[in-house]
2 protein chains.
Amino acid sequence: MFAQAATAHAPTAPFRGHQRLAEARPAPASFSPDQPHQIAFFEANEEVYAQGERANALYQVEFGAVRLYRLLSDGRRQISAFHVAGEVFGFEADGHHHFFAEAVGPAGIRVFRQPANEGNWRQTLDAALGALVRAQEHLLVIGRQNAAERVAAFLLDMMERQDNAREVQLPMSRTDIGDYLGLTIETVSRTFSKFKSKGLVRLANTRTVEVVDEAALRAMCA
Amino acid sequence: MFAQAATAHAPTAPFRGHQRLAEARPAPASFSPDQPHQIAFFEANEEVYAQGERANALYQVEFGAVRLYRLLSDGRRQISAFHVAGEVFGFEADGHHHFFAEAVGPAGIRVFRQPANEGNWRQTLDAALGALVRAQEHLLVIGRQNAAERVAAFLLDMMERQDNAREVQLPMSRTDIGDYLGLTIETVSRTFSKFKSKGLVRLANTRTVEVVDEAALRAMCA
DNA sequence: CGTTCAATTGAGGAGAGTCAATGAAGGTGG
DNA sequence: CCACCTTCATTGACTCTCCTCAATTGAACG
């Protein structure tokens, strides 16, 4: 059918119950509502929550990464966001989750079982607005940029989230990147190769990208 | 350059000051913070606010429609959302607008100059979360659906916002639709024509679509 | 009735997708 | 420790959708 491809995905078999819960440490400064909470450990590809599930908590990544995604009935998948350490996700509207959330690799996630209230609404709102801006900016990338521009934007975004280190770690697979950028795994791979041959990046290994010519990458996504 | 096309756009010349302000009527139930506010009238393509501007208000569409968009340096445009009567927009993060907002046609917009506070945070948060879900769902459409599926999804969305009337009014141009769906104006037009020849819709005029076979349209976007 | 701008339609090409084969990496068990 | 297997990534050949360029039609307005 052509139709923007995307690897077919069945939602991962539920692992719920496998996760071990740990006693809570003090929450990081970025998000610390006044409530009891705990850290859950997830293994790679384990589901955090499913689309349609009742939503009754917010989540903050402690370590590792999480992908939020949605599926079409034929298995096409769109990852709407990755979340890394410190970031908050799990917002819902009308009391239900509209997306799936899975750990990309092994991950620790702090769970806040208490919804937005008088005491924490400002933090919740700020986090939600940040997510909104990110989603809308991603729309521009997916809707109007070509493959090279998308990959460049992705690399720069990942770099920024890792304190602008030249060595960028990619916690996710090529398939994940493709499903995030609205491309196929092959196109992502070819684009990486082209960047490499142009001397824009070096690939230490599949999951490690050294950004050689940051300026050139920035110029690409205008 | 190919690159997902999109008609080149310069932000419309600022019309600020042209708008006439009217005394406020009671706000509709959907959003009514306890504060003084007023209704501003905008003519077609008039700017409501610009990217980068300091944000100090929320807006609710009274009549007409508004487009939110972002530009690439070469003029490619991505409309991230349309807003019609009753809907709230103008959220910001870090105190600045990250998008342009323009009236699609003549529009009336209620302006709430007071930011989120203890009294209205719930409404603000709900509106923001609704926008977030919409944006993320739109990512799936743009990232993973083909032209026909995108247009079908768009028509159904517009229909739903107009109380599911079979006669759907499109306040925006083909160019706007293209820039919203990540397509060119030609592809949008061709897709409409194909729908028409298949008997899925009838086009009373350019801006009026009669949905004949809703089921078929729904089946398209799975 | 001419002007103007938006929308439609056509012809052709380019970018990304599909299908398929090869290569590299990691885990398991003999 | 190595052979085997599985999974992921890369690369190539070919196809197809949608974009580009261009001409035509249609609608609105003075």
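Lettering of chains follows the sequences in order, A, B, ..., and the numbering in each one begins at 1.
- Summarising the geometry of B:E43 relative to B:A103, their closest heavy-atom pair is O-CB, 3.6 Å, with the distance given to 0.1 Å.
- The interatomic distance linking A:R207 (CZ) with C:dA24 (P) rounds to 18 Å, in whole Å.
- Using a 30° and 60° split on the angle between ring planes, B:Y59 and B:Y49 fall in the tilted class, from 30° to 60°.
- The only member of A:I142, A:D179, A:L181 that meets side-chain contact (heavy atoms from CB on, under 4.5 Å) when paired with A:Q78 is A:I142.
- Between its two ends, the helix from C:dC1-D:dG30 to C:dG30-D:dC1 turns its axis by 30°, counting five pairs per end and rounding to 10 degrees.
- B:C221 approaches B:L217 most closely through the heavy-atom pair SG-O, 3.4 Å.
- Annotation: cation-pi geometry not satisfied between A:R77 and A:F100 (NZ/CZ under 6.0 angstrom from ring centroid, within 45° of ring axis).
- Of the options A:Y180, A:F89, A:F63, a ring pair (Phe, Tyr, Trp, His ring centres under 6.0 Å) to A:H83 is made by A:F89 and by none of the others.
- Rounded to whole angstrom, the span from the CD1 atom of B:I177 across to the C1' atom of C:dA6 amounts to 12 Å.
- Closest approach to the A:T187 side chain among C:dG17, C:dC19, C:dA7 is made by C:dG17 (side chain taken as heavy atoms from C-beta onward).
- Comparing D:dA22, D:dA9, D:dC18 by their closest approach to the side chain of B:E186 singles out D:dA22.
- Between A:D179 atom CG and D:dC8 atom C1' the separation is 14 Å, expressed in whole Å.
- Between the CG atom of B:N146 and the C1' atom of C:dA16 there is a distance of 14 Å, rounded to whole Å.
- For the segment residues 188-198 of chain B, the set of residues with a heavy atom within less than 4.0 Å of an atom of DNA chain D comprises B:R190, in numerical order.
- Here the C1' atom of nucleotide D:dA27 and the CG atom of B:L203 are 14 Å apart, to the nearest Å.
- The interatomic distance linking B:N205 (CG) with D:dA28 (P) rounds to 7 Å, in whole Å.
- For A:T184, a side-chain nitrogen or oxygen approaches OP1 or OP2 of C:dG17 to under 4.0 Å.
- For the pairing with A:V104, the side-chain contact (heavy atoms from CB on, under 4.5 Å) check across A:D176, A:V66, A:N45 returns one residue only, A:D176.
- Taking atom CD1 of B:I185 as the reference point, atom P of D:dC21 lies 15 Å away to the nearest angstrom.
- Spacing between atom CG of A:L170 and atom P of C:dA25 amounts to 16 Å, rounded to whole angstrom units.
- In this structure, A:R161 forms no cation-pi arrangement with A:F82, as its terminal cationic atom is not both closer than 6.0 Å to the ring centre and no more than 45° off the ring axis.
- Listed by chain and residue number, B:R202 satisfy the salt bridge (charged side-chain N to carboxylate O under 4.0 Å, His left out) test with B:E210 (two or more places apart in sequence, or in another chain).
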